[in-house]
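As the structure is a prediction and not an experimental result, all values here were calculated from the model. To find a chain, count down the sequence lines: A is the first, B the second, and so on, and within it residues start at 1. In what follows, every heavy atom counts, from backbone to side chain, and hydrogens, waters and symmetry copies are set aside.
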Protein chains: 4
Amino acid sequence: MQSRTPASRTGRPRSAAADAAILAATREALVELGWSKLTLGDVATRAGVAKTTLYRRWAGKNELVVDAVAELFDELELPDRGTLAADIEGVVLRFAAILARPEAKSGLMAVVAESTRDEALRERIRASIVDRQKRLVHTGRARAQERGELPPETGPEDAARTVDLIFDIVAGAVVHRTLVSAEPADEDWVRDFTRVLLLGLSGSARPGM
Amino acid sequence: MQSRTPASRTGRPRSAAADAAILAATREALVELGWSKLTLGDVATRAGVAKTTLYRRWAGKNELVVDAVAELFDELELPDRGTLAADIEGVVLRFAAILARPEAKSGLMAVVAESTRDEALRERIRASIVDRQKRLVHTGRARAQERGELPPETGPEDAARTVDLIFDIVAGAVVHRTLVSAEPADEDWVRDFTRVLLLGLSGSARPGM
Amino acid sequence: MQSRTPASRTGRPRSAAADAAILAATREALVELGWSKLTLGDVATRAGVAKTTLYRRWAGKNELVVDAVAELFDELELPDRGTLAADIEGVVLRFAAILARPEAKSGLMAVVAESTRDEALRERIRASIVDRQKRLVHTGRARAQERGELPPETGPEDAARTVDLIFDIVAGAVVHRTLVSAEPADEDWVRDFTRVLLLGLSGSARPGM
Amino acid sequence: MQSRTPASRTGRPRSAAADAAILAATREALVELGWSKLTLGDVATRAGVAKTTLYRRWAGKNELVVDAVAELFDELELPDRGTLAADIEGVVLRFAAILARPEAKSGLMAVVAESTRDEALRERIRASIVDRQKRLVHTGRARAQERGELPPETGPEDAARTVDLIFDIVAGAVVHRTLVSAEPADEDWVRDFTRVLLLGLSGSARPGM
DNA sequence: GCCTAAGCGAGACGGTACGTCCCGTCTTAGT
DNA sequence: ACTAAGACGGGACGTACCGTCTCGCTTAGGC
């Protein structure tokens, strides 16, 4: 995910173990130090690796942390609890649980902040994290449409637009609740939130929404 | 806003002009350099002020940027456009417009990220930015209740809970749209978003919600 | 000694007590901190005086320390022990004793070092310290001539030249012994030194020397 | 001379050129600015070296200047002019000439002053400067004894004591003449001084002195 | 099995910013 | 006019990391 160099034929190959060690060390350092006090020299030391090895594989702190955090979200799944409401509550709770971990909190918002001035970084975040998780919304919608809880697709454009809106609302609300309001996104809150969201979506005048 | 020292009786008083110059210089530097390349030495130079003067008033970059960004949001107002939907669309658009400014983009998420490991900073953000703007939600609800668009209060606890939820949804969605999705929160998006939000709130089983 | 301002007629007169307090505080700070860590702000605090008061009277650290150290040497006297040798041993021991005090050690060499690039400071040192103590050599020579231990003067020029040479030898040797060799200029050493000095002077081919 | 670290096996070795450049830059800065206005940042810049490189090798200004000045004295030699008197005059003149150079004047007394409160610095001065030059006294005495101008050694203890005394007298007198009296230690002065010194030594009651 | 090119650890390198300390000046109010 | 208090613009400090470089050593693949 991180190494873009096309892997030359000759010479000593890069150690695969180093990659994993570095990413793990990065998360460990995020937990202990937070984003701003995390230094690449320290990560290298924790990983038992020279700084040069680290720089050979990642361009800098931003890219490294994106990759380290992205792995956290790969464990997200959409549970099948029988109803759309329950499915949403389930996945939102899991999302909130990941976001409550200090390595996610510390790292994620920081790279998003950095990405406001770095198009390539923004793209990397989108590719590694955002778009990878949008599958959850797609799956959820499809499953709900099968169950008849949501009307079928009206067109690819509208669908994409709606998915994006939902994603912004869901991810945004959980992030805001967790990081800004600094209150736990617990079962009660998720139930309230899901009620508003589903109600807002189901009765929409816009078809398919 | 920044200086908590009780202003001693004796000695040369602190220059009021310096405060304004420093905050303006901070926003200027945020625009030009972004959060991570902003340095306090540079801000001091831009403000025509010594570094010591800056450090005498703010504990560090985080606190300074919170204050500098907070001023941006003070211009937010709730327009009276006749209906709740129109009011919300108006204020969300204005909020989005502020958030689209580079000094807000660059600075806001960064201090939120920092605040995940700094309780005092989180409190400062809440006091200077979040709670100050929650008045908009209160005003909007009151106005809508006068108009009969929303049922009257059922109790102070429920009301606070609902305000918080609304704030998390609104602020979260706009921020996510703007910074993570990196798409403009323009009139079309705001209209879609407002429809979902109002629908979700109006028909709620929870009274007053 | 320190204040050169001609004392204007009108307004509140300067506190005389402040001068003494400042010089005493300077010596105290020299003992505790040494020259390089002595700061004028600290001296002012120790003296219970504002920084402005201090700067109104002395141009800077150098001048202040010269005055503070000069007072130490004013207690030097030439004892009358009956013979030139005994007189010299006596005064050299007293000189060594003063130089052994930390406030003298720390301060004196430092201002001498500074004076290598500051003509006015060199002049101040000469006036406040060196020339004031040269009287001891003159007195000793005169006394020895009365006793017939040294031949009478041959001329003012030669005399001055000889006094200067003696002063350089005596002061130089004691300072070097104390500060560079960092050995005590005790009775044994002074006896050896005096023997060499007197022998060198008494039998000189140059008359009067 | 400055670096005591035993030179680790691994990693990039320290640049030898940097050492020389730094010491030369230090002397240059001493000439232009003098001790008190010399800054390590400026020295680093002049040497075309980063501040960290400088701090990696020297603990601070004091140690750096000792090394920079010590090199000046390494060129000192004892000329063989046939007689003890002429030898002494020759070496004292050369010593005076070095001491007259602004980089020596500025630096030497300052580090001596600092050394009054810093045992390690005093030791460094002794090792780098004083003891290295004491060889001149030893050589001179040996040569004079060969010639029969001085009686042979009586014992190692007495010899050391005498060498120390001579060194304190010679170095002290020249330094005092140059820095405190601020008069040149020229041929006339050196002739007078040497006469007194030799006379004082030759006829001593203490054998070997 | 040997060659060789890349990878590796270590750590020095030129730099930048940090946050602190002190400088010497100034602006208050109070004596 | 003096004082104490303390903020001011400024400069250097010594430290921490940055990202690059230069070492000598390791290691696997292609010959």
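The distance from atom CZ of A:Arg124 to atom OG of A:Ser115, rounded to the nearest 0.5 Å, is 13.0 Å. In this structure, CG on D:Asn62 lies 12.5 Å from CZ on D:Arg122, to the nearest 0.5 angstrom.
To the nearest angstrom, P of F:dA28 lies 16 Å from CZ of A:Arg14. Taking atom CZ of D:Arg46 as the reference point, atom P of F:dA12 lies 12 Å away to the nearest angstrom. For B:Arg57 and E:dG19, the CZ to C1' distance is 17 Å, given to the nearest whole Å. If you measure from atom CD of A:Glu63 to atom P of F:dC18, you get 13 Å, rounded to the nearest angstrom. Rounded to an integer number of Å, the gap from D:Leu33 CG to F:dG11 P is 15 Å. Separating the CZ atom of A:Arg56 from the C1' atom of F:dT20 is a distance of 12 Å, rounded to the nearest angstrom.
Listed by chain and residue number, nothing satisfies the side-chain hydrogen bond (donor to acceptor under 3.5 Å, both in side chains) test with D:Glu63 (two or more places apart in sequence, or in another chain). Residues satisfying the side chain to side chain contact (heavy atoms under 4.5 Å, CB included) test with C:Ser36, not counting sequence neighbours, are D:Glu114. Scored by the side chain to side chain contact (heavy atoms under 4.5 Å, CB included) test, A:Thr52 finds A:Ala50, A:Arg56 as partners (sequence neighbours excluded). D:Arg117 is linked by a side chain to side chain contact (heavy atoms under 4.5 Å, CB included) to C:Ser106, counting only residues two or more places apart in sequence or in another chain. For the side chain to side chain contact (heavy atoms under 4.5 Å, CB included) test, residues two or more places apart in sequence or in another chain that qualify with C:Thr26 are C:Ile22, C:Leu38, C:Val43, C:Leu64, C:Val65, C:Ala68. Annotation: salt bridge (Lys or Arg N to Asp or Glu O under 4.0 Å) contacts of A:Arg12 (sequence neighbours excluded): none.
The stretch residues 104-112 of chain B has no heavy atom under 4.0 angstrom from DNA chain E at all. Of the residues in residues 34-43 of chain C, those placing a heavy atom less than 4.0 Å from an atom of DNA chain E are C:Thr39, C:Leu40, C:Gly41, in numerical order.
At a threshold of 4.0 angstrom between heavy atoms, the contacts of C:Gly48 are confined to the sugar-phosphate backbone, with no base atom among them.
If you find the closest nucleotide of DNA chain F to A:Ala59 and to B:Ala50, the one lying nearer the 5' end belongs to B:Ala50.
Note on the helix from E:dG1-F:dC31 to E:dT31-F:dA1: angle between the axes of the first and last five pairs equals 20°, rounded to 10 degrees.
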Using the 3.5 Å cut-off, write out each protein N or O paired with an N or O of nucleotides 21-23 of chain F and the distance between them.
from: F:dC21; atom 1: O2; to: D:Arg12; atom 2: NH1; distance (Å): 3.2

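Sorted by first and then second residue, the salt bridge (charged side-chain N to carboxylate O under 4.0 Å, His left out) pairs with a member in residues 35-45 of chain C read C:Asp42-C:Arg46; sequence neighbours excluded.
A donor-acceptor contact under 3.5 Å is formed by the side chain of C:Lys51 with the base of E:dG24.
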